[in-house]
Amino acid sequence: MKFPEHFLIGGSVSANQIEGGCREGGRGLSVWDVFQFDEKVKNGCFELPYETIVKAAQDRNDALYPKRRGIDFYHNYKKDIQLFAQMGFRVFRMSIAWSRIFPTGEEEVPNPEGLQFYRDVFHTLRANGIEPLVTMSHFDLPLALSLKYNGWEDRKLVDLFERYGKCILDAFHEEVKYWITFNEIDATVHIPYVGAGMIKEKTSDEKQACWQALHHQFVASAKVIQYAHAHYPDIKIGCMSTKNLKYAKTCKPEDNMQCLLETLEDTSYTDVQAFGSYPPALLNKWKREGISVHFAKDDQETLKQGTVDFISFSYYASLVTSAGREEKDLSNSNLLVGEKNPYLKQTQWGWQIDPIGLRYSLNQMYDRYRKPVFVAENGLGYNDTVEDGKIHDDYRIEYVRDHLRQVMLAINEDGVDCFGYTYWGCIDMIAGSTSQMKKRYGFIYVDQDDHGNGTKERIKKDSFAWYKNVIETNGACLD
Ligand code: BG6
């Protein structure tokens, strides 16, 4: 078995986790720039007290804030892209930092230095035969919009995102043919500060505000998609959510009903962007919980007219759910917590490893939407060790091989139209949830520790040559 001929296989990153250069080229701070590294954080830190955010915003001691430094891709991008090219990447999923283009989010004209940086990156990718796939917003809202408007709670952000989205489409429609509007758009209801810039103390009714903010993001996304379709018909623009796959704990009907309800909630985010309307289960949930989301006059129509060309998601782990109220044995995964699965192994960070779940998810998403699907993130975070200048990461090879085999089966056995796979964290970077450096995903090791010490030298891990061979053989070597 092989992947289809033009299968887009490569790697995935986000601006805030790799770029650094946080004060260069006129960039403004983002909501992710205020988290300090904290040894005590094990499973993730997704919100901070208002006072801490304000203090951090004024703090020029950037060394304390890992996401301000990234891995210095800002200065190293040419060499890093050459390494990706050596692996044969056909696609590189990256994001544009909104605050490089509009430093406070409210400028009337874009920052030319920010645009130039990304133009250079795209040209370097193309010169190396790599297709860029760009996420417009990957958890890095300009901090000024969080402080002034409480982020996406305010409708004002719809207009500001529209301006930003149109600006980067106009600037880069020739270089970039694949776009995603929001990374893991469901994050807004799970981790509202990171997903939508909403600060707890500034939010009076959090549940209500989260759904309102998410509605604003859906509308903003649909407006930008409409614009892309009208002006640049050769562009493909998609949505992206966290795939929180759940299995029922037993074959008890109650457990399966609970699982179905949670699955419907999980797909509801993509439903809005793929079908252009809210699913009944979500509307009913709002009714039950007394949530009333305000729709502006044209919103329904905007959602209808701004549906996506493709579906993408991140997939790291699966969880288990059951109906009972008894105490449960829990396991954390990307953004959600669920029950443990005794049949699965876990990563060092407690995420349950389930390659078959990826085939399951691909089938579920393709069957539901019948639009091309794309695996935007999948990867293993591991505390690698360097021995004599080498990193023997067989565990990572095993993880990726097992997941890619399932992608292959979904395509070849089940007929899923999956057009690509980007391994998350193809180069070591700052972890999203914990701001650690030791939670490494890369095929390329970066010599930097949790505190920012190190030469930042790039070293090829064993998985580097292995992934290169996978791409070269178009997956034939997986058998
Ligand atoms: C996804 C995010 O939720 O998970 C990434 O889109 C993040 O930004 C990735 O890095 C893995 O999570 P973490 O916390 O291990 O980096």
Side-chain angles (χ1 to χ4, degrees), residues 11-19 30-33 35 37-38 41-47 66-67 69-71 73 92-98 133-141 180-196 217 238-245 266 269-270 312-319 331-337 346-353 358 361 374-384 395-396 399-400 403 421-442 446 448 450:
S12 178
V13 300
S14 83
N16 227 151
Q17 293 170 266
I18 60 163
E19 280 181 9
S30 83
V31 293
W32 248 0
D33 286 328
F35 290 92
F37 172 68
D38 180 351
V41 170
K42 294 284 177 266
N43 294 327
C45 178
F46 300 106
E47 66 181 41
K67 293 198 182 79
R69 87 169 85 88
I71 53 160
F73 180 79
F92 180 55
R93 173 178 175 247
M94 53 176 277
S95 66
I96 290 181
W98 187 344
L133 186 156
V134 172
T135 310
M136 294 180 172
S137 176
H138 191 125
F139 294 167
D140 58 353
L141 182 75
I180 287 170
T181 49
F182 287 88
N183 179 63
E184 294 182 340
I185 199 160
D186 53 302
T188 291
V189 293
H190 307 310
I191 47 170
Y193 175 68
V194 172
Q217 291 179 327
C239 57
M240 200 278 204
S241 63
T242 319
K243 187 69 205 133
N244 283 305
L245 174 62
D266 187 48
Y269 312 101
T270 305
S312 78
F313 58 85
S314 60
Y315 175 83
Y316 291 91
S318 65
L319 292 166
S331 166
N332 58 299
S333 99
N334 191 4
L335 301 182
L336 289 191
V337 173
Q346 297 188 358
T347 72
Q348 292 173 325
W349 273 262
W351 296 12
Q352 306 189 112
I353 304 176
L358 180 52
S361 301
F374 186 89
V375 182
E377 292 183 23
N378 170 242
L380 175 71
Y382 198 97
N383 189 3
D384 296 320
Y395 38 86
R396 185 167 293 107
Y399 179 100
V400 190
H403 283 80
Y421 170 98
T422 42
Y423 176 81
W424 173 258
C426 48
I427 182 166
D428 290 351
M429 66 175 98
I430 309 296
S433 53
T434 57
S435 292
Q436 289 168 316
M437 193 64 208
K438 65 161 105 40
K439 192 177 187 190
R440 298 172 180 276
Y441 285 83
V446 176
Q448 173 172 259
D450 288 339

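Note that ligands are numbered from 1 as they come in the structure, with each ligand's atoms numbered from 1 the same way.
- Side-chain contact, Asp186 with Thr242: a donor N or O sits under 3.5 Å from an acceptor N or O.
- By the criterion of a heavy-atom distance under 4.0 Å, the side chain of Asn183, and not its backbone, is placed next to ligand 1.
- For His138 and Trp424, the ring centers sit closer than 6.0 Å to each other.
- The nearest heavy-atom contact from the protein to atom 14 (O) of ligand 1 is Ser433 OG, 2.4 Å.
- Summary of contacts: the protein heavy atom closest to atom 11 (C) of ligand 1 is Tyr441 OH, 3.5 Å.
- The distance from ligand 1 to the heavy atoms of His138 drops below 4.0 Å at these ligand atoms: 2 (C), 5 (C), 6 (O), 8 (O).
- Heavy-atom distances between Tyr316 and ligand 1 reach below 4.0 Å in at least one pair.
- Counting the atoms of ligand 1 from 1 in the order shown, those under 4.0 Å from a heavy atom of Asn334 are 1 (C), 3 (O), 4 (O).
- The contact set between ligand 1 and Lys439, taken as ligand atoms under 4.0 Å from a residue heavy atom, comprises 13 (P), 14 (O), 15 (O).
- Remark: ligand 1 atoms within the under-4.0 Å shell around heavy atoms of Trp32 are 8 (O).
- Remark: distances from the non-hydrogen atoms of Gln17 to ligand 1 include one below 4.0 Å.
- Atoms CD and CG, on Gln352 and Leu319 in that order, are 6.0 Å from each other to the nearest 0.5 Å.
- Salt-bridge check for Lys67 with Asp140: failed, with every basic side-chain N at 4.0 Å or more from each acidic carboxylate O.
- Between the side chain of Ser312 and the backbone N or O of Cys239, at least one donor-acceptor pair lies under 3.5 Å.
- Here the CG-CH2 distance, from Asn332 to Trp351, works out to 8.0 Å after rounding to the nearest 0.5 Å.
- The distance from atom CD of Gln436 to atom CD1 of Ile430, rounded to the nearest 0.5 Å, is 10.0 Å.
- When each of Phe46, Tyr193, Trp32, Trp98 is paired with Phe139, the ring pair (Phe, Tyr, Trp, His ring centres under 6.0 Å) condition holds for Trp32 and for no other.
- Within ligand 1, the atoms closer than 4.0 Å to a non-hydrogen atom of Trp351 are 12 (O), 15 (O), numbered from 1 in the order shown.
- A side-chain donor-acceptor contact under 3.5 Å links Asp450 to the backbone of Lys438.
- Nearest protein heavy-atom contact of atom 3 (O) of ligand 1 is Glu184 OE1, 2.6 Å.
- Considering only non-hydrogen protein atoms, atom 16 (O) of ligand 1 sits nearest to Gly432 N, 2.7 Å.
- The aromatic rings of Tyr441 and Tyr316 sit perpendicular to each other, their planes meeting at more than 60°, with 30° as the lower class boundary.
- For atom 5 (C) of ligand 1, the closest non-hydrogen atom of the protein is Trp424 CZ2, 3.5 Å.
- Looking only at heavy atoms of the protein, atom 1 (C) of ligand 1 is closest to Glu377 OE1, 3.1 Å.
- Residue contacts with ligand 1 leave out Phe46, since none of its heavy atoms falls under 4.0 Å from the ligand.
- Heavy atoms from both the backbone and the side chain of Ala431 come within less than 4.0 Å of ligand 1.
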